[in-house]
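Structure record follows, encoded as structure tokens.
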Amino acid sequence: SLNCVEWSLLPPATEEMVAQAKQLKGRFQGDPSFEYKCTEINAEDAERLFGDGKEPMIKEESRLVATIEQIDRAVGIIPRGAFVKTPLGSVHENRNFEGLSLTEAKKLSSYFHFAEPVNLKNKTLLEKADLDPSTDFLDSLEHDIPQGSWAVQLEKGGTVVVLRSLLWLGLTFYHVPMTKQYGYVYFGTGEKNFDLPFML
Amino acid sequence: MYQSHELGLDPYQTQEPKSAFQTSAVEQDPYQAYEHGHDPYQPHEPGYGLYQPGYSPYDDQIPDPKSRMLAIQNAKAYLLKSSTTSGLNLYDHLANMLTKILDERPTNAVDIIENISKDVKWAQFQKKMDTLRDEHEILPTFEAAEKRKALFLKANGEGNEELEEEIGETPLPNVMETAFYFEQAGIGLSKDESYHIFLALKKLVSVQPIQTCRFWGKILGMEMNYIIAEVQYHEGEEEEETEEEEVTEEKEKGMGEGEDEDEKKEKEDEPPKSTYKPPPVIPKEENGTGANKYVYFVCNEPGKPWVKLPPVTPAQIVCARKIKKFFTGRLDAPVVSFPPFPGNEANYLRAQIARISAGTQISPIGFYQFAEDEGEEEEEEGGGRDTYEENPDFQPLSVAEMVDSLATWVHHGQSILNQGRCVWLNPFQKSEEEEEEEEEEEEEEEKAEEPDEVQQEIGPPLLTPLSEDEGIQNIPAWTAQPSTNLIPQYALAVLQSNRWPGAYAFASGKKFDNIYFGWGHKYSPENHAPALPPPVQAEYPSGPEIAETRDPTLEEELAFKAASEEALAAAEEEEDEEDAEDDEEEDDD
């Protein structure tokens, strides 16, 4: 939506869209039908993707969708225990989740990426034994590369814990300890911060 | 064993939980505790059949309910019988032991169960009333509130006289009003935080002799954030610090002269002097002008004491342009980067603030104007005017005009040149004293060459409209929007900077302000590429005296040796001949 009054449904993201959008740099224009020309694509890739010989153009709409998907996948986080996995494999909200304690809330290991786990299998067997399979089935933030890509702060006298991502500048996650409130929002330019390793 | 037991007792059970691990309230589950107690030696107990030939473990699936019930009660009563010596009973002891095991989950519990049992017995004898009492736990929220409490108290020293002064002009900015305007654009901090900042600024104003003060903005950091106030001192208050600096400079000069004399004496034995002359240090601008026009105070949180940031030097600005680092939130943190940043985080912060201010402090056109007294003198220096004052005849433009065209806004922050200063200074114009000193040293030759290379840098003059700002690729440097399309009577014009994401400005009628909320970095669509280290310098200049050549290889050495031996042999022959000739001559004589 451009004015919070009229909303339009975005198409779901596909891998192809994400791959194309990764090559685009620069700010968004603000017009969903604006078309970008991919200038950096190789000749081979162009033939592969567009066998007809059409000129590769990406609409801003797809770029938007792909960016949202990337952000969600990369830095969408939830506190530990907010979601549980049943023995049948389905994941759903934990109605008994009462929030993290203050000490837990300050640790990065109490937050998980809300996406398919990548690192879970790489843990040693000892670590796996300590995990509780109903709540610890996602990647924790501790092992994010590069280390230190999250800024954890306590606001408002310690009643709210705020995590800011340094990889996608503008992603803010908040949680009020000992309550069920948590969430994340993104306000920003929609560009990944590739300079992160230099900036730490 | 568990399963068969549970099945058998179904008619007698209350809501027994399926998982065996929830037996902390053991009293509710007498059946399970009972089971661990002793070997099955009564027929209705499970597992009895294992000790008897011909019985299978599942024979007791259909017991006689009443006798079973009686047997259970008997067993429980037996367990609850207190011991005559210690006053404990087995039932409770078993319950405590199991609770402890399940809570602590030691490895190999079965092997250490005797020790666990002993520990539990010991624990029974501890006095419940500990002489130590738990320290009253101080909640972190309480601590934070304590810090902020100071803000809310009025200083006790002020009497009624002070109140009258305050009603007049105060340098304190109206943070809440600014916050209200920015809130309409969706920018700003929460009301609580704004109010705390307001109070913190008030404290700052009362402590320091300040002429004007402004809430500059907030820069986010990794561990803590910075809240920044832009301040101008009363004239005359800054001199104390500059005097100190001049004193130290003179001392250094004196020491420098002493060292020069020593060097001259040792000239003969010196190792080859490095030809590396560091580029001349560009002196920083005076406090109160150019990049150091304002003094900045920072604090991590409202309630913490304000720290003054040191004035910025051109070298720091030049270096800050090349690096991109996150702020940690601690002012004394080192900034590790290449090219090495001269200073710690406080200096880096000050340099970034200077760059942001220079690039994004804007105001509606006509609000500020140049003072009219300036005549032709300013044009000779070529530096441009650097003072402005409020225009008393300012006529505000309508919001629609402010939004449509960027020419209705001007920069009132002076831009910083490549050199790192706002007013260009030729670093080679030295005072007469220094010129005399240098004539005696070797620098004279080089001095003549360099002034040709350094050219005067000219930046855009003060009060240039925003339409002159160059965009980045195809994006304009500023994005203008009205705050609302629905109520144009009360809309504001809001500008966002695209070059420094996080810098905002608003204007509404005669009111305007700038603010910054962000990470403190400039926007660049290209990725940051740090500068490469410079090529390795030659150790000493090649010349006829010292020339670097490759070491001779073995063959060359042997060949040389052979050649020299031949020459030697030839020389000896000649000597022999000469001796022979001499002898002949002597003989002749």
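We name chains A, B, ... by the order of the sequence lines, and we start the count at 1 in each one.
- Under the side chain to side chain donor-acceptor pair (under 3.5 Å) criterion, B:W500 pairs with no residue, sequence neighbours left out.
- Residues A:L154 and B:M224 fail the side-chain proximity criterion, which asks for heavy atoms closer than 4.5 Å.
- The number of heavy-atom neighbours closer than 6.0 Å to CZ of B:F517, taken from other residues, nucleotides and ligands shown, is above 12.
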Stepwise side-chain contact (heavy atoms from CB on, under 4.5 Å) test for B:H521 and A:N193: CA-CA 11 Å; B:H521 297 117; A:N193 181 16; over 6 Å; no

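- Residues passing the side chain to side chain donor-acceptor pair (under 3.5 Å) test with A:D72 are A:Y184, sequence neighbours excluded.
- With rounding to the nearest 0.5 angstrom, the CH2 atom of B:W519 is 6.0 Å from the CG atom of A:L169.
- The two residues B:G221 and A:A151 have their closest heavy-atom pair at O-CB, 4.2 Å.
- Of all heavy-atom pairs spanning A:Q153 and B:M222, the tightest one is NE2-O, 3.7 Å.
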